[in-house]
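Beneath this line is the structure, given in C-alpha cells, with notes to follow.
Here is the naming used below: chain letters follow the sequence lines, and residue numbers restart at 1 for every chain. Every value quoted in this text rests on a predicted model; they were computed, and no experiment measured them.
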Amino acid sequence: MAVHIPDGLIEGGTSAGAGVVAATGVGVCLRQAGRLLDERRVPLAGLTSAFIFAAQMVNFPVAGGTSGHLLGGVLAAVLVGPYVGAVCVAVVVVVQALLFADGGVSALGLNVANMALVTPFGGYLAFCGLRALLPPTRTSVAAASGVAAGFAVVLASLAFTVEYAVGGTGGASATTVGVAMIGVHVLIAVGEGVITALTVSAVLASRPDLVWGARHLGPDRSSPAAALGLGSAR
Amino acid sequence: MTGAAVEIRGLCFAYPDGRPALQAVDLDVGAGERVAVLGPNGAGKTTLVLHLNGILSPQAGSVRVGGLVVAPATQAEVRRRVGIVFQDPDDQLFMPTVADDVAFGPANLGVEGEALDQRVVAALDVVGMAGHQARAPHHLSFGQRRRVAVATVLSMEPDVLVLDEPTSNLDPAARRELADVLATLSLTTLVVTHDLPYALELCPRSVILDDGRIVADGPTADLLADRDLLAQHRLELPRGFHPSWR
Amino acid sequence: MTGAAVEIRGLCFAYPDGRPALQAVDLDVGAGERVAVLGPNGAGKTTLVLHLNGILSPQAGSVRVGGLVVAPATQAEVRRRVGIVFQDPDDQLFMPTVADDVAFGPANLGVEGEALDQRVVAALDVVGMAGHQARAPHHLSFGQRRRVAVATVLSMEPDVLVLDEPTSNLDPAARRELADVLATLSLTTLVVTHDLPYALELCPRSVILDDGRIVADGPTADLLADRDLLAQHRLELPRGFHPSWR
Amino acid sequence: MGAGHGRTDGLYVAGDGRLHRLPAEAKIVATVGYVVAVVATPRDAFWAFAAHGALLLALARAASLPVGALVRRLRIEVPFLAFAVFLPLVGTGPRIDVVGLPLSRAGLWGAWTILAKGTLGVGASILLAATTPVAGILGGLDRLRLPRAFTAIAGSMVRYLDVIVGEAERMHVARQSRGYDPRWLGQARGAAASAGTLFVRSYERGERVHLAMLARGYTGSLPRLCAVPATAGDWATAALLPVAAALVTLTANLR
C-alpha cells in the first residue's frame with residue numbers, strides 16, 4: 001500500500017480527525033511557504049507539483065520484472081524545502097483524488113496527512129540529522145536524502161498502522177497489519193531511497209543552487225540562470 | 001504620442017558573475033516604427049527585452065517609454081505600455097483557458113466586467129482566434145498558442161509590442177499566419193530575432209546587437225546585403241536567399 | 001551493406017483516438033543516401049520517426065533497417081543501427097556531464113572501459129565538441145547542446161541517422177556549424193524538417209509527408225521549385241528565397 | 001504518443017446534461033456527502049450497497065457516460081485489492097474453511113468492506129471527474145473557500161501537467177532509443193538522472209512563467225476567475241444523491 005488509502009478502510013471518525021489535522025498542517029505550510037517564496041509561490045510551486053506528479057509516473061525496476069514508482073515526499077522537501085514541498089505534495093494528492101479518482105474522497109485527510117505531512121517532515125528531520133553528521137559535501141547531501149527518503153517510507157507505513165489501530169475496519173489485528181505493512185515497505189523504501197539520492201545528486205550536478213537541502217554548501221553562481229539573476233527579478 | 005516611443009541611453013548591465021551583458025546600448029525607436037533587433041544567441045537580446053518593462057533595472061543609463069522613465073515607481077504604467085511576447089508560448093499561457101489568459105493582463109490593470117470581456121474578444125479577433133475563448137492552451141496547436149500569446153499582450157492595449165524570437169518552432173504556415181497578424185498592427189514593434197528573412201519581411205529597419213553592443217543600425221535590406229557585416233556577428237542568410245529577391 | 005538501408009512498406013498507424021497518423025507509407029532510402037522528410041506540423045513526421053527504431057510498432061505494414069525487420073525481438077539491434085536525434089536536445093541530454101551522456105548509449109550496448117572512452121572522444125570530435133567531456137550539458141549553449149545530442153547517437157555507431165527538426169531554435173551560426181558537421185558524415189541520413197532551405201542545402205532528395213501520406217518524392221530542388229505543390233501541403237519558402245539561387 | 005486527449009483533462013467526458021451543467025462546488029459537496037453515507041453503511045447490509053451502486057449507475061446513465069470506460073477506470077483500485085486479499089489470511093478470531101483455506105471471519109468481512117466501500121468511493125469520484133472539467137473543479141474548490149494560494153497552485157500544476165509529463169515521456173523515449181532497458185535497481189541511474197533534469201526544467205519554467213506574469217502586471221494576487229456560483233436550486237439538485245444515500249444508510253442502520 002505504497003498508494004492511497006481507499007474509502008471504507010478506516011472508519012469515518014478517524015478519517016474526519018485526520019482531515020482536521022491535514023487541513024491545519026497544510027494551512028501552516030501555506031503560510032510558511034508564502035513567507036519564503038512570496039508572489040513567485042504560485043508558478044514555482046505549481047511547476048514543482050507537476051514535476052512530482054510526473055516523477056511518480058517514472059517507473060523503476062525493483063527486481064525480477066516488477067517495478068515501483070517514486071512517491072517523492074522527501075525528494076520534494078529536499079529540493080524546495082519542507083514547507084513548500086509539503087504544499088506541493090498536498091496539491092498532488094488532492095488533484096489525484098478529485099481529478100483522477102485516485103484515493104478515496106473520505107480518506108483524503110488521511111492521505112494528505114501521510115503523504116504530505118508525515119513523509120516530507122519526518123523525512124526532512126531525518127535528512128537534517130544525517131546531514132549534520134556527515135561532512136558538508138554534495139555526496140553527503142545526496143546520501144542523506146536517500147536514507148531519509150527510505151526512512152520516511154517506513155515512517156508512513158507506521159503512520160498508517162497507527163491510523164489502522166485507531167479506526168481500522170479490516171478485521172486483522174493492528175500488530176499483524178503493522179508487521180506486514182512495515183515489512184513490505186522496507187523493500188519499497190530501498191527503491192525510494194536509491195532513486196531519491198540519484199535524483200538529488202543529478203540536480204546538484206547541474207543546478208546546486210536549486211537544492212534547498214544543500215544551501216549550507218554556499219552559493220553557486222556557475223549556472224546561467226542563476227547568473228542572469230532572474231531568481232531575484234522583480 | 002510624439003517623438004520616440006522607446007529611448008534607450010547608455011544602458012549597461014552585467015550578470016552577477018561580472019560578465020557584461022549590455023554595454024552602453026543606445027537605441028531610439030519612433031512611434032509606430034517596426035524595428036528588428038538581430039543578433040546571435042547570447043548577444044544580450046533577452047536581457048535588453050527585460051529592461052524594456054522594468055523586469056531588470058539598468059545598472060547604468062536609462063530606458064524611457066513614451067517619455068516615461070522605466071523605474072520601480074513607474075513600473076505598473078510601463079508594464080501596461082510595453083507588451084512582451086516571450087519565446088515559449090507555454091511560459092506565457094499559464095491560465096486554464098484562453099479567455100482567462102487574455103484577461104489576465106487587463107484584469108491586473110483593474111479592467112473588469114463587460115469592458116474586460118470586450119478586450120478579450122477584440123484581442124482574440126486581431127490574432128484570428130475569435131471563438132476559442134473556452135479552450136485550454138494544451139488543446140491548441142503550437143502556432144495557435146503563439147498567436148494567443150500575442151493576444152494576451154494586445155488585450156493590455158500596449159503602445160509598444162516586443163516579440164522575442166517569434167518564429168521559433170513555427171512551421172511555414174504558422175509563420176505566415178503570424179506575419180500576417182503582425183503586419184496589420186500599427187503599434188510600435190520590436191522584433192528580437194535571429195531569423196533574418198523574417199526580419200526583412202516585417203521590419204524596414206534593423207539593428208544588430210552583438211556582445212552587448214549595438215554594432216549596426218540601418219535599413220534591414222542594406223544590413224542583410226552586407227555579408228561581411230553579418231559574418232562578423234555570427235549571422236548569415238540561409239543559402240539560396242537574397243535580400244533583393246522579393 | 002547492400003541495397004536499401006531503410007525500407008518502409010505500407011506503414012499504417014492510428015492514434016489511440018482513431019485519427020490516422022500514417023496511411024500506407026512506402027519509402028526506400030538507399031545506403032549512404034541523405035533524404036529530407038518535409039511536411040507541416042501534424043503531418044505525422046514524428047510518428048514516422050518513432051517507427052524507425054521500434055518505439056512505435058506498425059499497426060499494418062513493415063519497416064526494415066539494413067534488411068532486418070523492426071519488431072520487438074530485434075529491438076536492441078535496431079536501436080543500435082538507427083540513431084535518432086530528437087527535436088529538443090534537452091529531452092536527449094539528461095546525464096550530469098557531456099561524457100556520461102555520450103557514453104550512455106554504447107554503455108547500454110555493453111561497451112565499457114577503454115573502448116567506451118574512445119567512442120566518447122571520437123563522437124565528440126566529429127561534432128566539434130572535443131574537450132567538453134566534463135562539462136554539464138546544462139551549461140552549454142543551445143547550439144552546442146544540439147551537437148552533443150548528435151554525438152550521443154554517433155557514439156552508438158549507427159548505420160542510419162535520423163534528425164527530427166535539427167534546426168529548430170538554432171541561430172544562423174549554430175545552424176551553419178551543424179550543417180558542416182552533418183555534411184562530413186557518410187551515414188544514411190533522414191532529416192525530418194519544415195525548414196526547406198536547410199533541406200535543400202543538405203539533402204539531394206526529399207519526400208513530402210502530409211496527412212500521413214507521402215505525396216511527393218524527388219530531387220529537393222525540383223520539389224521546392226514547385227510552389228503550387230508546396231502551397232498545397234502548407235509549406236512555403238521564406239520570401240526572398242529561391243531554390244536555384246546558390 | 002502524439003496529440004489527442006491531454007492528461008490535463010483528467011477523466012472528463014464532454015457532455016451537456018444536467019449533471020454536467022451543475023456547478024462544481026455543489027457536485028464536490030454532494031460527492032463527499034455520498035461517500036460519507038457509504039462509509040457509514042453497516043457491512044452486512046448487502047442490499048444497501050446494491051442500492052448505493054444503483055444510485056451511481058443511474059446517474060452515469062443519466063449523464064450519458066460510457067459505463068464501460070468508467071468501469072475500466074476502476075482498475076485504479078488494484079493496489080488496495082491486494083490489501084483486501086491479505087486480510088482474510090491474517091485476520092483474527094474464528095476461522096472458516098473456504099475451499100480448504102482456513103480464513104478469518106473478521107478478515108473476510110474486512111476484505112468485503114474495502115471492496116464494497118472502496119469501489120463505491122472510487123465510482124463516485126469517477127462520476128465527479130467525468131462530468132466536471134478540470135478548470136471547473138478548481139473553481140469549485142475556490143468557491144468552497146479553500147485558501148486562494150492552494151487553488152492557484154493546483155491550477156498552475158494542472159495547467160503544466162501535460163507540458164511536464166510530455167517532457168518526461170519524450171525523455172523516456174529518448175532513453176529507450178539509446179538502448180536503455182534497465183532490469184534491476186542498480187541500473188536506475190539513467191531514469192533518476194532524467195528525473196533530476198526534469199526538476200531543473202520544471203523549476204526554470206516556473207521562473208519564466210513568473211517573469212511572464214510580472215510582465216503583464218502581476219503583483220502577487222491573481223485576478224478571480226469569473227464563473228457563475230451555484231444557486232439554491234443547484235444545491236437542492238445536487239443534494240439528491242447524498243440525501244438518497246443517507247436514507248439508504250439510515251434504513252440499514254435502523255434495521
Side-chain angles (χ1 to χ4, degrees), chain A residues 1 3 6-9 11-12 26-27 30 34 38-51 53-55 57-58 60-63 79 87 91 94-95 97-102 104-106 169-173 176 180 191 194-195 198-199 202-203 206-207 210 225 230-231 233, chain D residues 10-11 31-32 35-36 39-40 76 79-80 83 87 90-92 104 106-107 109-110 113-114 117-118 121-122 125-126 129 134 137 147 149-150 152-154 156-158 160-161 164-165 168 182-185 188-189 191-193 195-196 198-200 202-207 209-211 220:
Chain A
M1 170 121 12
V3 281
D7 291 309
L9 174 58
E11 54 87 17
V26 173
L30 269 174
D38 60 73
E39 68 198 68
R40 286 183 298 151
R41 167 184 52 195
V42 170
L44 283 181
L47 265 300
T48 303
S49 298
F51 160 74
F53 190 101
M57 297 171 52
V58 174
F60 55 81
V62 177
L79 290 175
V87 169
V91 166
V94 170
V95 166
L98 292 179
L99 268 51
F100 300 93
D102 198 355
V105 173
S106 73
T169 61
S173 80
T176 315
V194 169
I195 300 289
L198 289 172
T199 304
V203 179
S206 57
R207 283 290 304 270
L210 294 191
L230 297 185
Chain D
L11 306 177
T31 306
V32 173
V35 172
V36 167
V39 170
I76 194 137
F80 45 86
F83 189 74
L87 288 171
V90 301
T92 52
S104 148
W109 278 117
T113 309
I114 294 174
K117 296 182 178 176
V122 172
S125 300
I126 292 176
V134 169
I137 291 183
F150 190 86
I153 293 168
S156 174
M157 173 212 174
V158 165
Y160 285 104
L161 211 50
I164 304 299
V165 170
R183 303 279 178 185
W184 59 290
L185 190 54
R189 183 155 171 259
L198 188 66
F199 171 71
V200 173
S202 307
Y203 197 93
E204 288 180 350
R205 188 181 290 279
E207 290 179 323
V209 170
H210 179 236
L211 283 186

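Of the atoms belonging to D:Ala154, heavy atoms from both backbone and side chain fall under 4.5 Å from chain A. For A:Val95, the part lying under 4.5 angstrom from a heavy atom of chain D is the side chain only. Using a 4.5 Å cut-off between heavy atoms, D:Ile137 contacts chain A through its side chain alone, with no backbone atom that close.
Distance alone, capped at 3.5 Å, is enough to place a donor-acceptor pair between the A:Thr48 side chain and the A:Leu44 backbone. Under a 3.5 Å cut-off, the side chain of D:Lys117 and the backbone N or O of A:Asp7 do not form any donor-acceptor pair.
Counting only heavy atoms from C-beta outward, the side chains of D:Phe150 and A:Leu30 approach each other to under 4.5 Å. Side-chain contact between A:Thr199 and D:Phe199 is absent, with no heavy atoms from C-beta onward closer than 4.5 Å.
Ranked by heavy-atom pairs shorter than 4.5 Å toward chain D, the options A:Val94, A:Leu98, A:Val194, A:Val26 are led by A:Leu98.
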